[in-house]
Amino acid sequence: CHGIETKSVGPAYKTVAQKYKNDPKALDYLANKVIKGGGGVWGENVMSAHPTLTLDQTKEMVKYILSLDGGPKGTVLPAQGSYVTRIPADAGSKGAFVIRAAYTDKGANTIAPLTSEQVVVLRNPTVLAMTADKTDQIFKYKIPGTTMEAAVALSKGAYVAFDNIDLTGITQLTFAAIATREQTKGGRIQVRLDSPTGKMIGESAEIVPIEKPVPQEVKATLDQTSGTHTLYLVFTSDTAKANEPLLALMTLHFQNGGKGAVADKAEPKRSISMR
């Protein structure tokens with residue numbers, strides 16, 4: 001019903017942005033109007049209601065519409081240099097930075113302009129175990145009273161694996177794991193590259209079962225590694241028999257020099273260098 005620059009059934013988004021650009025109440029007003037529908041502001045046509053959308057969702061939509069008011073478009077970065085990411089105050093511990101760098105040349109003679117681009121994703125340093133790209137002999141367990149799912153290693157040799165992990169500068173992994181005496185045997189977590197039997201670059205301390213299902217924190221110091229790899233976390237034990245559950249892994253936290261964004265509560269400043 002709306003075009004970005006041209007009127008359709010309803011007004012163009014840029015026209016809406018211009019109308020409300022100085023109205024401090026516009027965000028809440030328009031977000032509610034998207035949900036409830038309405039008419040009379042832009043003529044006789046009535047905007048349909050969208051009751052299945054949440055207020056948070058419509059606010060994000062309206063933020064985009066209001067950004068089209070023709071004002072400043074933000075800082076233009078040079079073709080070469082670096083950019084330091086900054087986490088918004090209300091972002092919490094979730095999310096990732098997705099950075100896209102693109103360049104279009106001017107073409108030449110009869111050759112059309114060419115465009116090249118690269119997308120880089122900077123993950124949060126704390127990763128949920130059950131977001132793994134690959135698993136084997138793993139049971140998904142929802143931790144009571146939370147929305148978190150843990151990866152339960154059902155036997156020695158079980159693993160979770162994460163694709164495209166850049167380990168450059170990463171010196172330590174910290175694991176949050178649960179092991180209870182009645183249900184698990186405990187064990188260690190080996191950190192291996194590119195396959196379950198690949199080069200081992202680190203191993204956690206022994207995770208010993210305790211009475212209560214309370215998360216334990218264990219660390220694995222990593223050998224210096226560079227480049228992007230598939231990271232395998234392989235569960236092992238010297239005492240468990242075949243097909244005996246070892247432990248439940250909740251999270252892993254990547255750290256540089258023994259420090260991390262969550263561990264020291266510092267704002268992570270990860271830079272992208274453009275060449």
Side-chain angles (χ1 to χ4, degrees), residues 93-96 121-180 183-210 213-256 260-263:
S93 60
K94 298 181 180 180
V121 178
L122 299 182
R123 308 187 190 193
N124 190 285
T126 299
V127 178
L128 300 178
M130 278 312 304
T131 61
D133 299 295
K134 303 181 185 71
T135 64
D136 186 55
Q137 301 183 73
I138 293 294
F139 172 74
K140 184 188 296 184
Y141 172 69
K142 184 175 180 181
I143 301 173
T146 75
T147 59
M148 183 178 291
E149 293 175 332
V152 179
L154 297 176
S155 181
K156 293 185 291 186
Y159 65 76
V160 295
F162 301 85
D163 293 335
N164 302 317
I165 300 295
D166 188 349
L167 293 170
T168 305
I170 302 299
T171 58
Q172 182 173 274
L173 281 176
T174 299
F175 303 107
I178 295 174
T180 57
Q183 299 174 309
T184 58
K185 296 295 182 180
R188 303 181 306 281
I189 303 172
Q190 296 179 343
V191 183
R192 294 183 177 272
L193 300 181
D194 301 318
S195 84
T197 57
K199 179 182 178 182
M200 186 169 73
I201 61 171
E203 186 175 33
S204 76
E206 187 79 16
I207 301 167
V208 180
I210 57 178
V214 178
Q216 301 181 52
E217 186 179 276
V218 293
K219 302 179 186 296
T221 300
L222 305 183
D223 296 339
Q224 183 175 346
T225 306
S226 61
T228 301
H229 298 269
T230 298
L231 187 70
Y232 281 80
L233 305 180
V234 183
F235 303 90
T236 187
S237 171
D238 296 329
T239 58
K241 299 177 182 178
N243 300 321
E244 286 187 318
L246 272 60
L247 55 94
L249 179 62
M250 299 168 59
T251 63
L252 53 149
H253 180 75
F254 293 84
Q255 295 174 280
N256 183 345
V262 174

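Just so you know, these numbers come straight off a predicted model, no measurement behind them.
With Thr228 as the fixed residue, the side-chain contact (heavy atoms from CB on, under 4.5 Å) test singles out one of Ile165, Thr168, Asp166: Asp166. Residue Leu173 is tested with Leu167, Leu233, Ile189 for a side-chain contact (heavy atoms from CB on, under 4.5 Å); the sole match is Leu233.
Checking side-chain atoms of Lys156 against main-chain N and O of Ala240 turns up a donor-acceptor pair under 3.5 Å. Remark: side-chain polar atoms of Glu206 are not paired, donor with acceptor, to backbone N or O of Gly186 under 3.5 angstrom. Put simply, the side chain of Asp133 gets close to the backbone of Asp163: a donor and an acceptor are under 3.5 Å apart.
With values rounded to the nearest 0.5 angstrom, Leu193 atom CG is found 11.0 Å from Met200 atom CE. Atom-to-atom distance recorded for Leu246:CG and Lys185:NZ is 10.0 Å, nearest 0.5 angstrom. Note that CG of Leu231 is 6.0 Å distant from CD1 of Ile201, once rounded to the nearest 0.5 Å. Rounding to the nearest 0.5 Å gives a distance of 11.5 Å between OG1 of Thr184 and CG of Leu154. Here the straight-line distance linking atom CD of Glu244 with atom OG of Ser155 works out to 8.5 Å at 0.5 Å rounding.
Partners of Gln183 according to the side chain to side chain contact (heavy atoms under 4.5 Å, CB included) rule, which considers only residues two or more places apart in sequence or in another chain, are Thr180. Contacts of Phe162 classified as ring pair (Phe, Tyr, Trp, His ring centres under 6.0 Å), with partners at least two apart in sequence or in another chain: none.
Looking at heavy atoms from C-beta onward, Thr230 lies in side-chain contact with Lys134 at the 4.5 angstrom threshold. Within the 4.5 Å cutoff, no side-chain heavy atoms of Thr251 are placed close to those of His253. Residues Leu222 and Thr171 have side chains not in contact (no heavy-atom distance under 4.5 Å, counting atoms from C-beta outward). Here the side chains of Leu249 and Phe235 are in contact, with some heavy-atom distance below 4.5 Å.
Scanning all heavy atoms of the two residues, the minimum distance from Ala132 to Val160 falls at CB-CB, 3.8 Å.
Applying the ring pair (Phe, Tyr, Trp, His ring centres under 6.0 Å) definition to pairs two or more places apart or across chains, none involves residues 128-158.
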- Message: Between Thr236 and Glu203, does the side-chain contact (heavy atoms from CB on, under 4.5 Å) criterion hold? Intermediate values first, please.
- Response: CA-CA 10 Å; Thr236 187; Glu203 186 175 33; 4.0 Å; yes
- Task: Mind running side-chain contact (heavy atoms from CB on, under 4.5 Å) on Phe175 and Val191 for me, showing each step along the way?
- Result: CA-CA 11 Å; Phe175 303 107; Val191 183; 4.1 Å; yes
- Step-by-step side-chain contact (heavy atoms from CB on, under 4.5 Å) determination, Ile138 to Met130: CA-CA 9 Å; Ile138 293 294; Met130 278 312 304; 4.1 Å; yes
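A salt bridge links Arg188 with Asp238: the closest approach of a Lys/Arg side-chain nitrogen to an acidic carboxylate oxygen falls below 4.0 angstrom.
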